[in-house]
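Worksheet: the structure to be examined is printed underneath.
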Amino acid sequence: MAQKSNFEEIYTFLNEKFSDETEYLQAVHEVLEDIVPIYNANEVYKAFDIVKRICMPERIIYFTVSWMNSEGNVEINQGWRVQHNSAMGPYKGGLRFHHTVNLSVLKFLAFEQCFKNALTGLPMGGGKGGSDFNPKGRSDRDIMLFCQAFMRELQRHIGANTDVPAGDINVGAREIGYLYGEYRRLNNRFEGVLTGKGLEFGGSYVRTEATGFGLVYFLEAVCKQKNTEIEGKTITVSGAGNVALHAALKAVEKGGKVISLSNSRGLLHAAEGFTDKALKWAIDNHANRENVLTDMADKNMGEWVSDKKPWHLKCDIALPCATQNELLEDDAKALLDNGCKMVLEGANMPCTNKAQTLFLDAKIVYVPGKASNAGGVALSGLEMSQNAMFNQRKANVLDDQLYAIMESIHQRCVDEGKSVGDENHYIDYMKGANIAAFRRLADAMVAQGV
Ligand code: NDP
Ligand code: 2IT
């Protein structure tokens, strides 16, 4: 029999082993608080030492990407794929290219991905990968050369039934195309080894929109639960990439007033709210602009404010959709002081631990990304099933499926996150998401033995 574990013992064990991996420890800590009581009450989970095993990646692949750029100079980057857990299906999760990528960041993302994927109800394990390559300001040719070199190594570790990467920060349709092309040339076969592919080569309708749209579908479910609606609400959004722009567009379509977008250089403030026309222009143009937000300001679509985040703006709902730890304790205080009632994460772990605590203590709606941004990977799961059947489903069918999946994730969070005996019926979505995902993952692991 394995020894009995508890929160402190497990966290100390991980903290001693991985003391310099701050983002990974932060993500694990967030989950342990909620799941250890469930674990301690379950003799089978304890006998199988499930919690430690869920926290530790099954495999980490590291490689050096040496490549020759378009000017004939050799460049060297680091590449990783963290294959965290495959009990529920092939490892599944995105690739990120950003100068801040390191093992701690990828381990936190891979760990969270397992919980997120469990919530979708689809058969997917969890993983994440990427590189410290900084694609900003690079030529299209350099991007292609880097993607090809990255895939030359990654290809031997992935496969449609083994590990299926997708996009994440700075990995969009163009990069997935180049990565997929290199995989196909090296392996001489069509298979759904990546998701987010172009519609002409195995891609799925609605995948591009799915994370942002899914976030707003989740918001709609929250509003229904609280007998209110999106229409007429003022919404702040951070980020100006795939997730942020599609979330903003869907929120506007639902009658919300979206007053901000942002990036690492500043904020675009639209006091009267962005129009759907402005957001569609941004969606069509963001991938090939140096700074789509200053270009929008030049077109009078909003006012550009350098080096500012949106969290000081008065709003009813905040949707952080840029990156991890972008919303700090002071930002959370500003949101609460201004009457914000709901925070739903589009990004992965955008709120720091202190910010989360403030939201939960204030008993406003706070939904962690592993639940509210699961629409992207859910559509990836649907892309995998279309690839396996060699077909392509219609956009309206997939949009309905996405809606149904987000509603069911919401329901799972409510079932596990409602406080017994609380007359205010407060839903702790964080606890609900962590416990619902943990039960599914733990049961899959127990059933398969050690
Ligand atoms: P994109 O690369 O399309 O956009 C990222 C956006 O975030 C850019 O506007 C970027 O600004 C901004 N950003 C990045 N780093 C920072 C920073 N340190 N401070 C402020 N802004 C920053 O990525 P996605 O939209 O795909 O991803 C956004 C988030 O959503 C990530 O956390 C990702 O993990 C998560 N996510 C993505 C999914 C997907 O399907 N794509 C699915 C689920 C979650 P700049 O251009 O200045 O760097
Ligand atoms: O964080 C995420 O869920 C993603 N970047 C999408 C992963 C996927 O495999 O579609």
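Order of listing sets the numbers, starting from 1, for every ligand and every atom in it. What's counted below: heavy atoms across the whole structure, side chains too, no hydrogens, waters or symmetry copies.
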Starting from [atom], find the nearest protein heavy-atom neighbour and note its residue, name and distance.
atom                    : answer
atom 10 (O) of ligand 2 : Ser380 OG, 2.5 Å
atom 4 (C) of ligand 2  : Lys128 NZ, 3.7 Å
atom 9 (O) of ligand 2  : Lys92 NZ, 2.6 Å
atom 7 (C) of ligand 2  : Gly94 N, 3.6 Å
atom 3 (O) of ligand 2  : Lys116 NZ, 2.7 Å

- Message: I want to know if ligand 2 touches Pro165 in the polar sense, i.e. an N/O pair below 3.5 angstrom.
- Response: no
- Query: When you check the side-chain N and O atoms of Glu345 and Ser372, is any donor under 3.5 Å from an acceptor?
  - Reply: no
- Return yes if a side-chain donor-acceptor contact under 3.5 Å exists between Ser380 and Arg207, otherwise no. yes
- NZ/NE/NH1/NH2 to OD/OE distance under 4.0 Å, Glu326 and Lys309: no
- Any ion pair linking Arg96 and Asp168 (charged N to carboxylate O, less than 4.0 Å)? yes
Show which side-chain atoms of residues 401-409 pair as donor or acceptor with protein atoms under 3.5 Å away, not counting sequence neighbours.
| residue | atom | partner | partner atom | Å |
| --- | --- | --- | --- | --- |
| Gln401 | OE1 | Arg393 | NE | 3.3 |
| Tyr403 | OH | Glu220 | OE1 | 2.8 |
| Glu407 | OE2 | Lys224 | NZ | 3.4 |
| Ser408 | OG | Ile405 | O | 3.0 |

With nothing but distance in play, are any N or O atoms of [X] less than 3.5 Å from an N or O of ligand 1?
X      : value
Thr323 : no
Val243 : yes
Gln324 : no
Arg207 : yes
His286 : no
Thr211 : yes
Ala240 : yes
Asn170 : yes

- Has Gly167 got any heavy atom lying under 4.0 angstrom from an atom of ligand 2? yes
- Message: Taking only non-hydrogen atoms of Arg207, do any sit less than 4.0 angstrom from ligand 2?
- Response: yes
- Close-contact set for ligand 1 against Ile169 heavy atoms, below 4.0 Å: 2 (O), 23 (O), 27 (O), 31 (C)
- Task: Indicate the ring-plane relationship of Phe63 and Phe150, choosing parallel, tilted or perpendicular according to the 30° and 60° boundaries.
- Result: tilted
- Item | Mode of Leu109 contact toward ligand 2 - side chain, backbone, both, neither (heavy atoms, under 4.0 Å) | neither
- Task: Could you tell me whether ligand 1 has any atom less than 4.0 Å away from a heavy atom of Cys321?
- Result: yes
